[in-house]
Amino acid sequence: MAYYIMKFFSWVACLFSMEKCNSFGKVLGKLTWIVVPKKRKFMAYDNIIRCLGVGAREAERIAKASWVQFGPMLMEVLRYPELIKDDYIKKYVTIDGLEYLQEAIDKKQGAVIATSHSDSWELMGAALAQYGVPLVGVARKQKDGAMDRFINEYRTLVGMHITYTSGVREMFKMIKEGWMIGLITDQDPSLRDGIILDFFNRKTNCFAGPATIARSQKAPIFHGQITHRSDGGHHITIYPPIYVDQTKDKKADIGKATQQVMNLLENHIREYPEDWFWLHDRWKSVRNIGLD
């Protein structure tokens, strides 16, 4: 039933303009902010203050804006059937650095695209696919089967190939075939899967997956971010490739490349603090072992 409800909402959203849907999405985001648990809000405030050195009131503003953007992002996903018509998505989302990806595509060279939960990250994958990037979206399987079916159907609709986080063999196979593996790299992984590095001058457990895959396949890592445009659209920036060293010290090679990715992410967050999802408990694992 939930699948058909989402399909109905999508049909309704497609009846209205993107501008009206985004306005409704912002209202929806502000309303749902009211029910976000206080504990989660205070955790976000504390992290913003510690990372950015701002005051309490500014931290509250940034945290709220970080949450509110979920509303417009949901509206954009619901409107995927309209966004892909007549190349509209290419007007709605512009890109700098596409030539870096195109060079790898022309060489039939697979790659890793490392991004974050910032601005409309779902739309970023859709836009890259519509621009002709052979993109594998790596997704976590949703607990609700109906919602999992809906979101992955819509991701496929816009041109992405979807695999689950458990599909490591498929990722390696497809990167060898020239596909680009899209990975979100900013959440707190398990200590087994992470590496302790510096992020906002804090010891942080960082996801080593992109560098591990890239080193194994001798493939480049492209860091990419999406931001809001003043006209209501979005803009993607793709940074020059990062190549993982191939020395005898595998852990050091992976750590060095991962730190480069994290530095780019930190710089992006400092420039666009409202865009990043501060309500994720980013430093939970290091806090549990007494490093934060």
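Computed from a predicted structure; not experimentally measured.
Taking CG of Asp106 as the reference point, atom CG of Leu101 lies at 11.0 Å (rounded to 0.5 Å). Distance check: Ile289 CD1 to Leu191 CG gives 5.0 Å after rounding to the nearest 0.5 Å. With rounding to the nearest 0.5 angstrom, the CG atom of Asp245 is 14.5 Å from the NZ atom of Lys250. To the nearest 0.5 angstrom, His268 atom NE2 is 12.5 Å from Glu266 atom CD. With values rounded to the nearest 0.5 angstrom, Cys206 atom SG is found 6.5 Å from Gln259 atom CD. Remark: Trp278 CH2 to Met43 CE distance equals 11.0 Å, nearest 0.5 Å.
Looking only at side-chain heavy atoms (C-beta outward), Ile48 and Pro273 stay at 4.5 Å or farther from each other. When side chains are defined from C-beta on, Glu274 counts as touching Arg61, because their heavy atoms get closer than 4.5 Å. Between Pro81 and Ser10, some side-chain heavy-atom pair lies under the 4.5 Å cut-off. With contacts defined as side-chain heavy-atom distances shorter than 4.5 Å, the pair Thr204/Val286 does not qualify. Between Ile62 and Leu52, the closest side-chain pair of non-hydrogen atoms falls below 4.5 Å. You'll find the side chain of Phe207 stays beyond 4.5 Å of the side chain of Gln187, heavy atoms only.
Asp119 and Gln69 get closest at one heavy-atom pair: CA-OE1, 3.5 Å. Of all non-hydrogen atoms in Val112 and Pro210, the two that sit nearest each other are CG1-CB, 3.8 Å. Between Leu264 and Ile242, the closest heavy-atom pair is CD1-CD1, 4.0 Å. The shortest heavy-atom contact between Leu183 and Gly209 is CD1-C, 4.3 Å. Considering all non-hydrogen atoms of both residues, Ala211 and Ala257 come closest at CB-CB, 4.0 Å. Of all heavy-atom pairs between Ala126 and Met160, the closest is N-CE, 4.1 Å.
Counted within 6.0 Å of CZ on Arg229, heavy atoms from surrounding residues, nucleotides or ligands total more than 12; the atom is thus considered enclosed. Other residues, nucleotides and ligands contribute more than 12 heavy atoms inside 6.0 Å of the NZ atom of Lys41. Within a 6.0 Å radius of OH in Tyr164, other residues, nucleotides and ligands contribute more than 12 heavy atoms. Summarising the local packing, CG of Asp231 is surrounded by more than 12 heavy atoms from other residues, nucleotides or ligands at distances under 6.0 Å.
Without hydrogens or angle criteria, Gln130 side chain to Val158 main chain gives a donor-acceptor distance under 3.5 Å. For the pair Thr115 (side chain) and Ile184 (backbone), a donor-acceptor distance under 3.5 Å is absent. Between the Asp86 side chain and the Tyr88 main chain, no donor and acceptor come within less than 3.5 Å of each other. For the pair His161 (side chain) and Pro134 (backbone), a donor-acceptor distance under 3.5 Å is absent. In this structure, the side chain of Asp275 does not engage the main chain of Thr227 through any donor-acceptor pair within 3.5 Å. Looking only at distances, no side-chain donor or acceptor of Thr165 sits under 3.5 Å from a matching main-chain atom of Arg140.
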Self-check item: Steps toward side chain to side chain contact (heavy atoms under 4.5 Å, CB included) verdict (Leu78, Met6)
Solution: CA-CA 8 Å; Leu78 292 176; Met6 293 304 295; 3.8 Å; yes

Self-check item: Test log, rule side chain to side chain contact (heavy atoms under 4.5 Å, CB included), inputs Trp33 and Val36
Solution: CA-CA 5 Å; Trp33 172 252; Val36 174; 4.1 Å; yes

Practice problem: Walk me through it: do Leu123 and Leu83 pass the test side chain to side chain contact (heavy atoms under 4.5 Å, CB included)? | Solution: CA-CA 10 Å; Leu123 184 65; Leu83 286 176; 3.9 Å; yes

Exercise. Given ring pair (Phe, Tyr, Trp, His ring centres under 6.0 Å), test Tyr154 with Phe150 step by step and report yes or no.
Key: CA-CA 6 Å; Tyr154 271 45; Phe150 173 80; 4.4 Å; yes

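Checking Arg202 against Asn47 by side-chain atom types alone, a donor-acceptor pair falls below 3.5 Å. At a cut-off of 3.5 Å, with distance as the only test, no side-chain donor of Glu271 or Asn267 sits close to an acceptor on the other residue. For the residue pair Thr32 and Trp67, a side-chain donor N or O sits within less than 3.5 Å of a side-chain acceptor on the partner. Side-chain contact check for Glu153 and Tyr3: at least one donor-acceptor pair (N or O, by modelled atom type) lies under 3.5 Å. Side chains of Asn152 and Arg155: a donor on one and an acceptor on the other come within 3.5 Å. For the 3.5 Å distance criterion, the side chains of His235 and Thr94 qualify, holding a donor opposite an acceptor. Side-chain contact of Ser66 with Trp276: a donor-acceptor pair under 3.5 Å is absent, judged by distance alone. Side-chain contact annotation: Gln225 with Tyr272, donor-acceptor N/O pair under 3.5 Å absent.
Between Trp283 and Phe199, the angle of the ring planes stays under 30°, which puts this pair in the parallel group of the 30/60° scheme.
For the salt bridge (charged side-chain N to carboxylate O under 4.0 Å, His left out) criterion with Asp292, the lone passing option out of Arg50, Arg282, Lys203 is Arg50. The side-chain hydrogen bond (donor to acceptor under 3.5 Å, both in side chains) test with Asp253 is passed by exactly one of Gln246, Lys248, Arg215: Arg215.
Look at Glu103 and Lys107 and you find a salt bridge, because one of the NZ, NE, NH1 or NH2 atoms lies within 4.0 Å of a carboxylate O, short of that distance.
Clustering ILVMFWY residues whenever any of their side-chain heavy atoms sit less than 4.5 angstrom apart, transitively, puts Tyr80 in the very cluster that holds Ile236. One hydrophobic cluster holds both Val93 and Phe222 under the rule that ILVMFWY side chains link at heavy-atom gaps under 4.5 Å.
In this structure, Lys173 forms no cation-pi arrangement with Trp179, as its terminal cationic atom is not both closer than 6.0 Å to the ring centre and no more than 45° off the ring axis. With Tyr131 as the aromatic partner, Lys90 meets the cation-pi criteria of under 6.0 angstrom to the ring centre and within 45 degrees of the ring axis.
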